[in-house]
Amino acid sequence: MPSPTGRAAADCRALHSRLPAEVEGRERVEREPVSQYTAVWGDPSIELRCGVPRPEVLSPGSEHYNPTADAVEVNGVGWLLEQQTDGYRFTTTGRTAFVELTVPGAYAPEVGALTDLADAVRAAVPEQPLR
């Protein structure tokens with residue numbers, strides 16, 4: 001469970017109130033524990049977590065730092081792409097909070113889920129240069 005503080009926590013709470021009822025045509029479902037920093041759609045679950053730590057591949061000095069890691073911009077929101085065993089994990093870049101979205105391979109092409117979330121992320125989580 002993410003536990004952001006300060007500006008990131010406020011922006012994640014604002015995002016939570018703007019999240020769509022559907023992602024990839026799947027309805028939002030409640031999961032325990034209920035949190036203003038997480039959301040889930042469908043089965044298999046598309047899972048969003050807001051206020052996660054900075055990904056290692058974006059952290060200078062970390063063992064896995066990669067300044068040329070795969071990324072995509074979808075409707076004005078930049079996302080880091082990380083292939084998982086089943087699907088992809090996407091993490092926002094250049095925002096006041098890191099928002100992570102895990103999309104199972106059942107929804108291939110997995111990037112489609114990002115279009116459903118772009119408006120909410122742009123409105124609630126302001127841009128901030130990645131340092």
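We number each residue from 1, following the sequence as shown.
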Neighbour count above 12 (heavy atom, 6.0 Å) for E27 CD =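 Count not over threshold, so no.
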Test of understanding: with salt bridge (Lys or Arg N to Asp or Glu O under 4.0 Å), list the residues that count as partners of [X], not counting sequence neighbours.
X: R49; result: E100
X: E82; result: R89
X: R31; result: E47

L81 and V72, any side-chain heavy atoms less than 4.5 Å apart =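 The answer is yes, as the side chains (C-beta and beyond) meet within the 4.5 Å cut-off.
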State, yes or no, whether a side-chain contact exists between T38 and C50 at a heavy-atom distance under 4.5 Å.
->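 No, every pair of side-chain atoms sits at 4.5 Å or beyond.
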State the CG-CD distance between L19 and Q36, to the nearest 0.5 angstrom.
->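 The distance works out to 11.0 Å.
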Mind checking the CZ-SG spacing from F98 to C12? Nearest 0.5 Å is all I need.
->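 One finds 11.0 Å between CZ of F98 and SG of C12.
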Of the non-hydrogen atoms in [X] and [Y], which two are nearest, and what is the gap between them?
X: R7; Y: P126; answer: NH2-CG, 2.9 Å
X: S62; Y: E56; answer: OG-O, 2.7 Å
X: R95; Y: G76; answer: NH2-O, 2.9 Å
X: H16; Y: S35; answer: NE2-O, 3.3 Å
X: P60; Y: R54; answer: CD-NH2, 4.4 Å
X: G105; Y: E110; answer: CA-OE2, 3.2 Å

Can you list the steps and then say if L80 with V57 is a side chain to side chain contact (heavy atoms under 4.5 Å, CB included)?
-> CA-CA 9 Å; L80 169 70; V57 298; 3.4 Å; yes
Going only through I, L, V, M, F, W and Y residues with side-chain contacts under 4.5 Å, is there a path from V52 to F90?
->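 Cluster IDs for V52 and F90 differ.
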Polar side-chain atom of [X] near backbone of [Y] as donor-acceptor pair, under 3.5 Å:
X: W79; Y: V111; result: no
X: Y88; Y: A108; result: no
X: S59; Y: P55; result: yes

Assess whether side chain to side chain contact (heavy atoms under 4.5 Å, CB included) is satisfied between T92 and V77, documenting all intermediate values.
-> CA-CA 7 Å; T92 57; V77 179; 4.0 Å; yes
For Y37, side chain to side chain donor-acceptor pair (under 3.5 Å) partners two or more places apart |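 Y37: side chain to side chain donor-acceptor pair (under 3.5 Å) contacts with R13.
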Under the side chain to side chain donor-acceptor pair (under 3.5 Å) criterion, do T68 and N66 qualify, and how do the steps go?
-> CA-CA 5 Å; T68 61; N66 180 359; 2.9 Å; yes
Let me know which of T91, L15, D11 forms a side-chain contact (heavy atoms from CB on, under 4.5 Å) with V99.
->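 Checked T91, L15, D11 against V99; only one passes side-chain contact (heavy atoms from CB on, under 4.5 Å): L15.
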Using atom types as modelled, flag every donor-acceptor pair under 3.5 Å from a side chain in residues 115-124 to any protein atom, sequence neighbours excluded.
unit_1	atom_1	unit_2	atom_2	d
T115	OG1	G112	O	2.7
D116	OD2	E24	N	2.6
D119	OD1	R122	NH1	3.4
D119	OD1	R122	NH2	2.7
R122	NH1	N75	O	2.6

Side-chain hydrophobic cluster, 4.5 Å single linkage: members besides V29 |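 Joined to V29, directly or through intermediates: V40.
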